[in-house]
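A quick note: this is a predicted structure, and the numbers were derived from the prediction, not measured. The chains referred to below are lettered A, B, ... by the order of the sequence lines, with proteins before strands, and numbering in each begins at 1.
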Amino acid sequence: MFDSEFERSLFDLRRAKLAEIEKLGQAAYPNQFAASHTIPAVRQGWDQSSAEALEAGRVTVSVAGRIMAIRAQGKAGFATLQQGGQRLQIYVRLDAVGEQGFALYKLLDLGDHIGVSGYLFRTRTGELTVHVETLTFLAKAMLALPEKFHGLADVELRYRQRYVDLFTNLDSREVFVKRAKVLKAMRQFFDERGYLEVETPMMQQIAGGAAARPFVTHHNVLDQDLFLRIAPELYLKRLVVGGFDRVYEINRNFRNEGVSTQHNPEFTMLEFYQAYANYHDLMKLTEELIAFVAREVNGTTLTTFNDAEIDLGKWQRLTMREAIVEFWRTDHLGPKPQMIDFADHTSVLAMLDRTCAHVGSEERLFWSVSFCAIRDRLNQGGTHGKAVAEVFELLAERHLIQPTIIYEFPTAVSPLSKQKPDDPDWVERFEFYIGGFEVGNAFSELNDPVEQHKRFEQQLTEREHGDDEAHQMDEDYVRALAYGLPPTGGEGIGIDRLVMLLTGSKSIRDVILFPLMRKEQGQGKRDEGLESKA
RNA sequence: GAGCUCGUAGCUCAGUAGGUAGAGCAACGCCCUUUUAAGGCGUGGGUCCUGGGUUCGAAUCCCAGCGAGCUCACCA
């Protein structure tokens, strides 16, 4: 527990102070304090009241909070209490609180919790302040607080010791308050539209519904391995088969992948399904949802992310093929492709050959490596659909700062989506991008069990070719489809990424309370510390 | 997984032509009855991330490791 001798000796000092406090007739760890107001309530109620008004009609309050600053001045002194993310100054003077009360004040430390009662007034400098008449000790901080002006700045410590970050950096607190508002707004949006909130298994025998590597765990009594889910998708569609026409789930997904500013191994996903809707209906719904949430949370659809001003109420739509042409770098890649180039295996390969040869001569390492790698994978038995999707991600994703719906995806990378009636190489699917990354993914659900079985088998073939993220066969899901899934649209939205956009957070770790961190070395030594001390 | 950057007091940070470590906050003692990053006087506090190496001498230079951040890769 202790990081140093400094902390150990401070802890001892604080224990001695606690003993002194008990001698004053205060409990060291009382279990209750009856406050008349929260600090935010006091601020809201009297922030605008003048000194004269407060003097004329005396307002008595009792509030509790954590001491964030102490300014003692001999036989009087100030302290700043913090509660509910807001602060309120208190003024303690010997002749108002008495010998015992003032003795207690002098035994207080930064970080302690106290309760006070007294009346409101304004100081000479105009600050709203509680003139304390009684002081109640509530709990002691046995460890030193971070530096009061900068707060806890070390990023690693902020993540590992979020409990300190939250009360020292109020900006951090605000992010998580907003996160809660996002979830609340989403539930409101779907509840108002007749969706049922459901919970489906986090531990699954087949990790399906997405292309990702799962975490494996084990059930002892059943003696079987289970996967932490990578998506709830297949279960939610089973529910639509079961007659829940509109369902949504907000819960964690787990993907055994690397971490980055946009990826945490466990992340929160909203998924929703609507019977009798197709992907066009979902595009409209998505635009409404994101704008609604933005207004509920921030009061505006405008947000700033990575220095870009983004309007979450203004959307553009492009097909994947249009986006590739739009963001094609003729300076590095040569002539733009034509729609006909995306037609089949031969034409896509020809386009990639042409481009790879062009960048090779340019000696543009990044483009050369990327394009030629996509070409090589296609040459070695990959699907042209996958190649097209890879080209899209390479060229377009980073440029999609303003809200953009990219629609019509290759069938090869969409094993659960319904094909376009007139063009079976492409499916009725879209993803939407904001701030340069993917936020959501939606499609008209494939509900033909025969076609679904065929798609799973194609995925198994990819698996055999070494793609360990290809979908597994899920016979029970196919069976569910065989009972009849109505035409259905479904969508998944990454909540963490949406919160990043709405709070201007550059890293996903700033919007997750306890992001996954590597195990800290020396942790064992710290645990030992408290034992040997106590 | 790769590259770059970082790791100094509890916290925020200084500190290299290589000479044995400093400030502010916090802590401790004293003064101060309207301060607010309060102020004044004084005191204590360090495995300079860890382990090797070079050197008469390393916080500083070199190597390896650990942890973190960023970028890339992976990741619909």
Item to complete: For B:rG45 and B:rC31, measure between their P atoms and round to the nearest Å.
Response: 24 Å

Using atom names, set out every protein N or O paired with an N or O of nucleotides 24-31 of chain B below 3.5 Å, distance rounded to 0.1 Å.
unit_1, atom_1, unit_2, atom_2, d
B:rA26, OP1, A:Lys148, NZ, 2.9
B:rC28, OP1, A:Lys17, NZ, 2.8

Worksheet item: Mind checking who B:rU33 pairs with, Watson-Crick or G-U wobble, both distances under 3.5 Å?
Response: none

Worksheet item: With sugar-phosphate meaning primed atoms plus P, OP1 and OP2, does A:Gln73 contact a base, only sugar-phosphate, or nothing at under 4.0 Å between heavy atoms?
Response: base

Worksheet item: Mind checking the C1' distance from B:rU54 to B:rC41? Whole angstroms is fine.
Response: 47 Å

Response to the item:
Closest non-hydrogen contact found for A:Ala212 with A:Ile230 is O-CD1, 3.8 Å

Practice prompt. Using the closest heavy atom to pick a nucleotide of RNA chain B for each, name whichever of A:Glu438 or A:Leu152 lands nearer the 5' end.
Written response: A:Leu152

Item to complete: If B:rG3 has a Watson-Crick or G-U wobble mate with both distances under 3.5 Å, name it; if not, just say none.
Response: B:rC70

Discussion item. Distance criterion of 3.5 Å, no angle test: do you see the side chain of A:Arg124 paired donor-to-acceptor with the base of B:rU34?
Written reply: no

Discussion item. Within the 4.0 Å heavy-atom criterion, would you say A:Ser9 contacts the bases, only the backbone, or no part of the nucleic acid?
Written reply: nothing

Worksheet item: From A:Met500 CE over to A:Gln262 CD, what is the distance, rounded to the nearest 0.5 angstrom?
Response: 5.5 Å

Fill in: Integer angstrom distance from the P of B:rA9 to that of B:rA59
14 Å

Fill in: Quiz item: A:Asp154 side-chain donor-acceptor pair to B:rU12 base, under 3.5 Å
no

Worksheet item: Roughly, in whole Å, what's the span from CZ in A:Arg158 to P in B:rA68?
Response: 16 Å

Practice prompt. Would you kindly compare A:Ala210 and A:Leu516 by the position of their nearest RNA chain B nucleotide and give the one closer to the 5′ end?
Written response: A:Leu516

Please list, one pair per line, the donor and acceptor atoms closer than 3.5 Å that link side chains of residues 100-107 of chain A to other protein atoms, with sequence neighbours excluded.
unit_1, atom_1, unit_2, atom_2, d
A:Tyr105, OH, A:Phe78, N, 3.2
A:Tyr105, OH, A:Phe78, O, 2.9

Worksheet, complete the sentence: Contacts of A:His399 meeting ring pair (Phe, Tyr, Trp, His ring centres under 6.0 Å) (sequence neighbours excluded), chain-then-number -> A:Phe327

Worksheet entry | Span that lies between the P atom of B:rU8 and that of B:rC49, in whole angstrom | 6 Å

Fill in: Counterpart residues, ring pair (Phe, Tyr, Trp, His ring centres under 6.0 Å), relative to A:Tyr235 (two or more places apart)
none

Discussion item. By the salt bridge (Lys or Arg N to Asp or Glu O under 4.0 Å) test, which pairs, at least two apart or in different chains, include something from residues 80-104 of chain A?
Written reply: A:Arg93-A:Asp95

Discussion item. In whole Å, I'd like the distance from the CE atom of A:Met517 to the C1' atom of B:rC66.
Written reply: 13 Å

Practice prompt. Compute both the distance and the angle, then confirm whether A:Arg317 meets the cation-pi test with A:Phe430: under 6.0 Å from the six-membered ring centre, within 45 degrees of the axis.
Written response: no

Fill in: Partner residues of A:Asp467 under the side chain to side chain donor-acceptor pair (under 3.5 Å) criterion, sequence neighbours left out
A:Lys386

Practice prompt. Take atom CE of A:Met68 and atom P of B:rC11, then tell me their distance rounded to the nearest Å.
Written response: 16 Å

Worksheet item: For B:rA21, which nucleotide in any strand shown is its Watson-Crick or wobble partner with both distances under 3.5 Å?
Response: none

Worksheet item: Taking any strand in view, what nucleotide pairs with B:rA64 in a Watson-Crick or G-U wobble way, both distances under 3.5 Å?
Response: B:rU50

Discussion item. Determine whether a donor-acceptor pair (N or O, by modelled atom type, separation under 3.5 Å) exists between the side chain of A:Ser444 and the backbone of A:Tyr279.
Written reply: yes

Worksheet item: With a 4.0 Å cut-off on heavy atoms, is A:Gly77 in touch with a base, just the backbone sugar-phosphate, or nothing at all?
Response: nothing

Worksheet item: Is A:Thr261 near enough to B:rC70 that one of its side-chain N or O atoms lies under 4.0 angstrom from OP1 or OP2?
Response: no

Item to complete: Take the protein atom CZ of A:Arg8 and the nucleotide atom C1' of B:rA9, then report the distance between them rounded to whole Å.
Response: 17 Å

Worksheet entry | Rounded P spacing from B:rG19 to B:rC30 in Å | 41 Å

Worksheet entry | Euclidean distance, atom CG of residue A:Leu120 to atom C1' of B:rU34 [Å, nearest integer] | 16 Å

Worksheet, complete the sentence: Whole-Å distance, A:Glu397 CD to B:rC72 C1', equals 14 Å

Worksheet item: Is any side-chain N or O of A:Gln89 under 3.5 Å from a base N or O of B:rU35, one able to act as donor and the other as acceptor?
Response: yes

Worksheet item: Which part of the nucleic acid does A:Glu127 contact within heavy-atom distance under 4.0 Å: base, sugar-phosphate only, or nothing?
Response: base

Fill in: Value in whole Å for how far the C1' atom of B:rG1 lies from CD of A:Glu257
14 Å

Practice prompt. Compare the minimum distances between each of B:rG69, B:rC32, B:rU12 and the side chain of A:Lys75, then state the nucleotide with the smallest one.
Written response: B:rC32

Fill in: Rounded P spacing from B:rG10 to B:rC6 in Å
22 Å

Fill in: salt_bridge(A:Arg229, A:Glu249) N-O dist < 4.0 Å
yes

Worksheet entry | Non-hydrogen side-chain atoms of A:Trp315 and A:Met283 separated by less than 4.5 Å | no

Item to complete: Using a heavy-atom cut-off of under 4.0 Å over every strand shown, decide if A:Arg93 touches base, sugar-phosphate, or nothing.
Response: base

Worksheet item: Think A:Arg71 has a side-chain N or O under 4.0 angstrom from the OP1 or OP2 of B:rG39?
Response: no

Worksheet item: Mind checking the P distance from B:rA37 to B:rG42? Whole angstroms is fine.
Response: 24 Å

Worksheet item: What pairs with A:Tyr273 under ring pair (Phe, Tyr, Trp, His ring centres under 6.0 Å), at least two apart in sequence or on another chain?
Response: none

Discussion item. For a quick test of reading the model: is some side-chain N or O of A:Ser4 closer than 4.0 Å to OP1 or OP2 of B:rG10?
Written reply: yes

Worksheet item: Taking any strand in view, what nucleotide pairs with B:rU16 in a Watson-Crick or G-U wobble way, both distances under 3.5 Å?
Response: none

Worksheet item: Between A:Leu157 (CG) and B:rU12 (P), how many Å, whole number?
Response: 6 Å

Practice prompt. Sticking with atom P, work out how far B:rG18 lies from B:rU12, rounded to a whole angstrom.
Written response: 29 Å

Worksheet item: Between B:rU35, B:rG67, B:rU12, which one does the side chain of A:Phe78 approach most closely?
Response: B:rU35

Item to complete: Determine: side-chain N/O of A:Arg160 to OP1/OP2 of B:rA68, distance under 4.0 Å, yes or no.
Response: yes

Practice prompt. Determine the contact category for A:Ala389: base if any of its heavy atoms lies under 4.0 Å from a base atom, sugar-phosphate if only primed atoms, P, OP1 or OP2 are that close, otherwise nothing.
Written response: nothing

Worksheet item: Which residues pass the ring pair (Phe, Tyr, Trp, His ring centres under 6.0 Å) test with A:Tyr407, sequence neighbours left out?
Response: none

Item to complete: Output the residues of residues 403-414 of chain A in contact with RNA chain B, where contact means a heavy atom of the residue under 4.0 Å from an atom of the strand; sort by number or write none.
Response: A:Val413

